[in-house]
Amino acid sequence: RYGRELLEGEGFHLRPIPWAQEGFFYQESDRPGKHPFHEAGLYYIQETSAMVPAALLEPEPGERILDLCAAPGGKTTQMAALSGNLAQITACEKNKVRSERLRYNLEKQGASCAFVMVEDARKLDDFFSFDKILLDAPCSGSGTLAVGEHGITSKFTKELITRSAKTQEELLKKAIKLLKPGHEMIYSTCSILELENEKSLKKVLGKQAEIVPLNQAMFPGVTYLPVKVPGTLCVCPDELYEGFFVAKIRKN
């Protein structure tokens with residue numbers, strides 16, 4: 001509450017996100033990225049759909065949590081905030097340059113409960129074991145593509161989608177290995193394509209893990225696209241939300 005009053009005192013036009021007490025919609029005219037409070041780490045600017053995975057994971061103090069593809073750190077810092085900075089978060093990022101950006105954002109936000117590991121998540125030792133895992137997997141970004149004059153770029157190719165799907169399957173297999181039996185993880189992408197979402201899940205889950213059904217009513221104001229795996233959610237892109245897929249998984 002105090003933070004909101006402080007920002008509104010600076011002229012920000014804020015509207016609460018109905019399902020996220022820590023988040024607010026703002027107006028572009030507020031230019032929040034240019035304000036000194038942003039540089040000071042008072043808040044983090046994040047796409048609204050991207051806040052869904054951490055909200056569903058519900059990080060708690062003392063839990064050992066793995067963020068498999070953590071950079072640039074939006075979801076990591078959100079999990080730190082939701083746990084009161086008391087969870088034990090391992091933030092994994094294979095790219096050294098991106099890991100430095102991740103480290104910078106964690107320090108800027110005061111997320112001292114998170115430790116950065118510079119490693120390809122697919123190569124993590126199976127000796128590790130975590131209470132909860134967030135896998136926001138690399139993807140084609142199909143849910144973020146603008147429709148209109150600039151449309152789909154030359155970078156959005158069938159090769160990119162196929163390569164992304166393969167990586168997602170590998171990361172899912174690793175995540176399930178590292179998750180404690182009976183515990184839950186979140187799988188998400190900023191894609192709305194079945195190949196990167198439902199098909200990746202179907203190839204990996206088998207008997208070792210199951211979908212924990214999600215209720216669309218958990219996120220008032222959000223509209224959804226149809227899904228091929230019951231209990232998963234695919235956010236329909238609109239003026240407030242980018243396209244986004246999310247699933248909750250429990251290890252048997």
Colleague: Evaluate the side-chain proximity of K177 to K173: yes if any heavy-atom separation is below 4.5 Å, no if none is.
Modeller: no
Colleague: What residues form a ring-ring contact (aromatic ring centres under 6.0 Å, His included) with F37, not counting sequence neighbours?
Modeller: H35
Colleague: Quick one: sort the F12 and Y43 rings into parallel, tilted or perpendicular, breaks at 30° and 60°.
Modeller: perpendicular
Colleague: Kindly say whether S191 contributes a backbone atom to a donor-acceptor pair with the side chain of N197 at under 3.5 angstrom?
Modeller: yes
Colleague: Please report the closest heavy-atom contact between E210 and N252, naming both atoms and the distance.
Modeller: CD-OD1, 3.6 Å
Colleague: Mark yes or no for whether R250, through its side chain, and E184, through its backbone, hold a donor-acceptor pair below 3.5 Å.
Modeller: no
Colleague: Counting only N and O atoms by type, is there a donor-acceptor contact under 3.5 Å from the side chain of D131 to the main-chain atoms of I65?
Modeller: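 Not a single qualifying donor-acceptor pair exists.
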Colleague: Take V118 and R103 through the side chain to side chain contact (heavy atoms under 4.5 Å, CB included) test and state the conclusion after the steps.
Modeller: CA-CA 10 Å; V118 185; R103 201 173 269 117; 4.2 Å; yes
Colleague: Are the side chain of T90 and the backbone of F115 linked by a donor-acceptor contact shorter than 3.5 Å?
Modeller: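 No: the side chain of T90 does not pair with the backbone of F115.
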Colleague: Compare all side-chain heavy atoms of E242 with those of E47 and state whether any distance is below 4.5 angstrom.
Modeller: yes
Colleague: State, yes or no, whether a side-chain contact exists between K123 and K94 at a heavy-atom distance under 4.5 Å.
Modeller: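 No, their side chains stay 4.5 Å or more apart.
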Colleague: State plainly whether the residues E198 and K202 are in salt-bridge range, i.e. N to O under 4.0 Å.
Modeller: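 No, no charged N to carboxylate O under 4.0 Å.
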Colleague: Side chains of N85 and S112: does their closest heavy-atom pair fall under 4.5 Å?
Modeller: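 The answer is yes, as the side chains (C-beta and beyond) meet within the 4.5 Å cut-off.
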Colleague: Taking the side chain as every heavy atom from C-beta outward, state whether F130 and H183 have any atom pair closer than 4.5 Å.
Modeller: no
Colleague: Please identify each residue that fulfils salt bridge (charged side-chain N to carboxylate O under 4.0 Å, His left out) with K166, with sequence neighbours left out.
Modeller: E170
Colleague: If a pair satisfies side chain to side chain donor-acceptor pair (under 3.5 Å) and one of its residues is in residues 56-65, list it, with sequence neighbours excluded.
Modeller: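 Residue pairs passing side chain to side chain donor-acceptor pair (under 3.5 Å), neighbours aside: E63-K132.
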Colleague: L179 and I133: which non-hydrogen atoms are nearest, and at how many Å?
Modeller: N-CD1, 3.7 Å
Colleague: Taking all atoms of both residues into account, what is the closest heavy-atom pair of C113 and A87, and its distance?
Modeller: CB-O, 2.9 Å
Colleague: Please tabulate, for side-chain N and O atoms in residues 220-232, each donor-acceptor pair with protein atoms closer than 3.5 Å (sequence neighbours left out).
Modeller:
{"from": "Y224", "atom 1": "OH", "to": "Q216", "atom 2": "O", "distance (Å)": "3.0"}
{"from": "K228", "atom 1": "NZ", "to": "E194", "atom 2": "OE1", "distance (Å)": "3.3"}
{"from": "T232", "atom 1": "OG1", "to": "V229", "atom 2": "O", "distance (Å)": "2.7"}

Colleague: Mind checking side-chain contact (heavy atoms from CB on, under 4.5 Å) for S164 and listing every partner two or more places apart, or none if nothing turns up?
Modeller: L160, Q168, E196
Colleague: Would you please say whether a donor-acceptor pair under 3.5 Å links the side chains of T189 and D136?
Modeller: no
Colleague: In Å and rounded to the nearest 0.5 Å, what is the OG1 to CG distance from T76 to L134?
Modeller: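 Output value for this atom pair is 8.0 Å.
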Colleague: Using the side-chain contact (heavy atoms from CB on, under 4.5 Å) criterion, which residues pair with A209? Sequence neighbours excluded.
Modeller: I176, L205, I249
Colleague: Between the side chains of E8 and R4, is the shortest nitrogen-to-carboxylate-oxygen separation below 4.0 Å, so that they form an ion pair?
Modeller: yes
Colleague: Side-chain heavy atoms nearer than 4.5 Å, only ILVMFWY residues, links allowed to pass through others: does that put Y44 and L106 together?
Modeller: no
Colleague: Check the surroundings of atom NZ in K108: do more than 12 heavy atoms from other residues, nucleotides or ligands lie under 6.0 Å from it?
Modeller: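 Atom NZ in K108 is crowded, with more than 12 foreign heavy atoms closer than 6.0 Å.
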Colleague: Can you check whether H13 and Y26 have ring centres sitting under 6.0 Å from each other?
Modeller: no
Colleague: May I have all residue pairs that pass salt bridge (charged side-chain N to carboxylate O under 4.0 Å, His left out) and include part of residues 26-35, sequence neighbours excluded?
Modeller: none
Colleague: Find the distance between NZ (K180) and OG (S129) and round it off to the nearest 0.5 Å.
Modeller: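 Interatomic distance, K180 NZ to S129 OG, rounded to 0.5 Å: 5.0 Å.
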Colleague: On a heavy-atom basis, which atom in S200 and which in A165 lie closest, and how many Å separate them?
Modeller: OG-O, 3.9 Å
Colleague: Could you check whether any side-chain N or O of S142 sits under 3.5 Å from a backbone N or O of I192, counting only pairs where one atom can act as donor and the other as acceptor?
Modeller: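 Yes; at least one donor-acceptor contact below 3.5 Å.
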Colleague: Give the cluster check for V235 versus I17: same hydrophobic cluster or not, with ILVMFWY residues linked at side-chain heavy-atom distances below 4.5 Å.
Modeller: yes
Colleague: Please determine whether the number of non-hydrogen atoms from other residues, nucleotides or ligands lying under 6.0 Å from atom CZ of F25 exceeds 12.
Modeller: yes
Colleague: SG/C69 to CZ/R122 distance, rounded to the nearest 0.5 angstrom?
Modeller: 8.5 Å
Colleague: State the CD1-CG distance between I89 and L66, to the nearest 0.5 angstrom.
Modeller: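 Interatomic distance, I89 CD1 to L66 CG, rounded to 0.5 Å: 10.5 Å.
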Colleague: Which residues end up grouped with Y104 if you chain together Ile, Leu, Val, Met, Phe, Trp and Tyr wherever their side-chain heavy atoms are less than 4.5 Å apart?
Modeller: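 Hydrophobic cluster check, Y104: no partners found.
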Colleague: Please enumerate all residues that pass side-chain contact (heavy atoms from CB on, under 4.5 Å) together with M218, with sequence neighbours excluded.
Modeller: L56, N215
Colleague: Using side-chain heavy atoms (C-beta onward) and a distance below 4.5 Å, is S99 in contact with K96?
Modeller: yes
Colleague: Linking I/L/V/M/F/W/Y whenever their side-chain heavy atoms sit closer than 4.5 Å, directly or via other members, would L178 and L201 fall into one cluster?
Modeller: yes
Colleague: If the condition is side-chain contact (heavy atoms from CB on, under 4.5 Å), which residues does L82 pass it with, not counting sequence neighbours?
Modeller: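 Partners of L82 under the side-chain contact (heavy atoms from CB on, under 4.5 Å) test: E22, A54, P59, Q78.
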Colleague: Out of curiosity, N105 CG to R101 CZ, how far, rounded to the nearest 0.5 Å?
Modeller: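 Spacing of CG (N105) from CZ (R101) equals 5.0 Å.
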Colleague: Drop me the distance from M79's CE to L57's CG, to the nearest 0.5 angstrom.
Modeller: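 Going from CE on M79 over to CG on L57, the span is 6.5 Å.
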Colleague: For the pair L172 and M185, evaluate side chain to side chain contact (heavy atoms under 4.5 Å, CB included) and give the outcome as yes or no after the intermediate values.
Modeller: CA-CA 10 Å; L172 268 168; M185 63 169 282; 4.2 Å; yes
Colleague: Please, which pairs that meet ring pair (Phe, Tyr, Trp, His ring centres under 6.0 Å) have at least one residue in residues 228-252, sequence neighbours excluded?
Modeller: none
Colleague: Could you tell me whether the side chain of P138 reaches within less than 4.5 Å of the side chain of L171, counting heavy atoms only?
Modeller: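 Sidechains of P138 and L171: in contact.
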Colleague: Is there a donor-acceptor pair under 3.5 Å between the side chain of S83 and the backbone N or O of A80?
Modeller: yes
Colleague: Taking only residues at least two apart or on different chains, which pairs with a member in residues 9-18 satisfy salt bridge (charged side-chain N to carboxylate O under 4.0 Å, His left out)?
Modeller: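 Pairs touching residues 9-18 that pass the test: none.
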Colleague: Is there a side-chain contact between V246 and L214 (heavy atoms, below 4.5 Å)?
Modeller: yes
Colleague: Tell me whether M51 shares a hydrophobic cluster with I45, the cluster being built from Ile, Leu, Val, Met, Phe, Trp, Tyr side chains joined at under 4.5 Å.
Modeller: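 In one cluster: no.
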Colleague: Check S140 against L193 and note the closest heavy-atom contact, atom names and distance.
Modeller: OG-CD1, 4.0 Å
Colleague: Check this for me, if you would: do K75 and D67 make a salt bridge, where the nitrogen-to-carboxylate-oxygen distance has to be below 4.0 angstrom?
Modeller: no
Colleague: Please check if V97 and V116 belong to a single hydrophobic cluster, counting links between Ile, Leu, Val, Met, Phe, Trp and Tyr side chain heavy atoms closer than 4.5 Å.
Modeller: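 In one cluster: no.
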Colleague: Which atoms form the tightest heavy-atom contact between S188 and P53, and what is the distance?
Modeller: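 Smallest heavy-atom distance, with atoms named: OG-CG, 3.5 Å.
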